[in-house]
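Structure, as structure tokens:
Values below: every heavy atom of this structure, side chains too, minus hydrogens, waters and symmetry copies. So that the names make sense, note that chain A is the first sequence line, chain B the second, and so on, each numbered from 1.
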Protein chains: 4
Amino acid sequence: MSCYIAIVGGSSCSEEEAVLARRVGAGVAKRGGVVVCGGGSGVMEAASAGVGEAGGTVLGILPGDNPREGNRFLSFAVSTGLGEARNAVIAKTADAVIAVGGEYGTLSEIALALKIGKPVIGLKSWSLKPPHFLTRTMISAESAEEAVDKAFTLVSEGL
Amino acid sequence: MSCYIAIVGGSSCSEEEAVLARRVGAGVAKRGGVVVCGGGSGVMEAASAGVGEAGGTVLGILPGDNPREGNRFLSFAVSTGLGEARNAVIAKTADAVIAVGGEYGTLSEIALALKIGKPVIGLKSWSLKPPHFLTRTMISAESAEEAVDKAFTLVSEGL
Amino acid sequence: MSCYIAIVGGSSCSEEEAVLARRVGAGVAKRGGVVVCGGGSGVMEAASAGVGEAGGTVLGILPGDNPREGNRFLSFAVSTGLGEARNAVIAKTADAVIAVGGEYGTLSEIALALKIGKPVIGLKSWSLKPPHFLTRTMISAESAEEAVDKAFTLVSEGL
Amino acid sequence: MSCYIAIVGGSSCSEEEAVLARRVGAGVAKRGGVVVCGGGSGVMEAASAGVGEAGGTVLGILPGDNPREGNRFLSFAVSTGLGEARNAVIAKTADAVIAVGGEYGTLSEIALALKIGKPVIGLKSWSLKPPHFLTRTMISAESAEEAVDKAFTLVSEGL
């Protein structure tokens, strides 16, 4: 089975974040990874567009009841009907998570992924100061390419 | 976006049910539909195999935490970590549901789909006796081909 | 810990069903059971009122995001935000389920409870015809008192 | 309906955190609030014990399938069977959240609560550095009493 990389971030985002998300999406797709995202607008839409340009596959895990409410670049959409609880579904489905920018919803996805032991790479995203006894934390990347590289490296080490 | 048809049934099944599920899976795929299923064994695995033979796409919506626990014929797997509550995710994602045989888990998927207004076709499956004031109910099919036909017809009327 | 009995049924119901639900709620409360329900109107509200009259406790497991959207007789409300997937939470929390009347949502709760091995008693509710290889099924009761009796008996045998 | 205050924190915790959680639980109960927690060990158990000493009510929203797996101080337990997705149920049910210490699971609860607009008070907990455009954030408290005070004040302003 392919490697699943979640790309998470805000449903509204800056132009800079959209460019980064698009590059991350394209980068994951070019390496043969399946992109998982929340299926909405902002970072999710930009990442989905990048996947599409690279000819890859992007799954949208939607919070609502309607599979046609996702962004137009999704390959496939799953309607969870779970509201914010769908963030846990994204974390569970992903082998690694790349966070681009992001607000509190994104922070919850980062935290849920770290909780269940998935690698998380941040790109212009939250900076965490975990208590000293927590050895796992987010890893920073300075570019879309570095984020993709680190995600694949960490997944290959973990699988 | 493609039409999403869920194929639901028991995680163990008779040989006859497996043959039917395989034909239903292949039939949906040949018509260009995306198959959604619970991703497990039994009817789910047989349906997934049928989709694969027809060169189609099948999404597994798994109850557990591990995307690699699905059957080997899945195109893509989503790990919900929700246990039985993932049955609601299948009902919400599907445009129509085809039930092949099935036990109580399948009955819950039939009921959830009917609750939210999705067409449900039964093939050697549960026979419901709804109270008189309920106008919607399951529709029976006598063959895999008829089940697929009815599903696509009902979806095209509803969309 | 107390025994938890779910009372499930439609969000709209007949006068006869409301009377039965009220008696079931009161009966469970008088026996010291905690009533669990979906927290809404119809059978849920009538059962909650019955619990209140008997001085018992009733938990509402709501589908929405707002704990103040439950009926006015609830002792405590939990907002799941899960939509129909909350039906699985009711089945998991209950030691036994009593269904009064009910439509497809109720049928899904009956099916989920039977799937996970919880006793289900029906009072003027769905009549199931399970396939021959399924040994567990719903048990019918003819009165509210009989339904409560059977629920407590089955729970005490199972615990 | 009463005010619902979630007390969140790690399933293992330091002695200092346990003392704080116990005082927070007792403080909320004395003010007539209902305590909501994850129902487990560590901070959850200490908070539940504090509620019990003060004669209050504490609801445990459990991740698993068994309502009898919660800590022994719970007044009532709801088994969600949702795994980590139950963290969203806690955030939705609460009018305000008090975090005592905590690891990544706690961080996810903080983030989910802030995402949906609930006040969050931190006591020896995570320190967040949200991006400049986010106006809402966690509020720090230096003592259990201050945390309880702030939670009730923020809820009374918001309701």
Side-chain angles (χ1 to χ4, degrees), chain A residues 1-6 29 32-39 48 51-52 56-97 109 112-113 115-118 155 158-159, chain B residues 1-6 29 32-39 48 51-52 56-97 109 112-113 115-118 155 158-159:
Chain A
M1 212 173 90
S2 304
C3 172
Y4 285 40
I5 308 287
V34 172
V35 169
V36 178
C37 73
S48 301
V51 175
T57 299
V58 50
L59 307 181
I61 314 285
L62 306 176
D65 287 357
N66 185 346
R68 280 160 191 90
E69 275 175 357
N71 73 60
R72 66 202 160 100
F73 302 108
L74 297 177
S75 311
F76 303 103
V78 171
S79 290
T80 64
L82 300 171
E84 281 74 18
R86 73 79 201 257
N87 292 3
V89 178
I90 294 175
K92 290 187 175 176
T93 298
D95 295 309
V97 174
E109 293 168 312
L112 288 163
K115 168 80 164 84
I116 59 179
K118 305 289 177 77
V155 170
L159 287 184
Chain B
M1 213 172 92
S2 303
C3 170
Y4 285 42
I5 307 288
V34 172
V35 169
V36 178
C37 74
S48 301
V51 174
T57 300
V58 51
L59 308 180
I61 315 284
L62 307 175
D65 288 357
N66 185 346
R68 282 164 189 84
E69 275 174 357
N71 72 61
R72 65 200 161 101
F73 302 108
L74 298 178
S75 310
F76 304 102
V78 171
S79 291
T80 65
L82 300 171
E84 282 74 18
R86 72 80 200 254
N87 293 2
V89 178
I90 293 174
K92 289 185 175 178
T93 297
D95 295 309
V97 174
E109 294 169 312
L112 288 163
K115 168 82 164 82
I116 59 178
K118 305 289 177 77
V155 171
L159 286 184

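Residue A:Val34 touches chain B through its side chain alone, counting heavy-atom pairs closer than 4.5 Å.
Shown here is B:Lys115, whose NZ atom has no more than 12 heavy atoms of other residues, nucleotides or ligands within 6.0 Å.
In this structure, B:Ile61 CD1 and A:Thr93 OG1 are separated by 8.5 Å, a value rounded to the nearest 0.5 Å. Between the CZ atom of B:Phe76 and the CG atom of A:Leu59 there is a distance of 6.0 Å, given to the nearest 0.5 Å.
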Walk me through whether B:Arg68 and A:Asp95 qualify under side chain to side chain contact (heavy atoms under 4.5 Å, CB included). CA-CA 10 Å; B:Arg68 282 164 189 84; A:Asp95 295 309; 2.9 Å; yes
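The side-chain heavy atoms of A:Thr80 and B:Thr80, taken from C-beta on, include no pair separated by under 4.5 Å.
Under the side chain to side chain contact (heavy atoms under 4.5 Å, CB included) rule, A:Lys92 has a single partner from B:Asn66, B:Leu62, B:Asp65, B:Leu82, which is B:Asp65.
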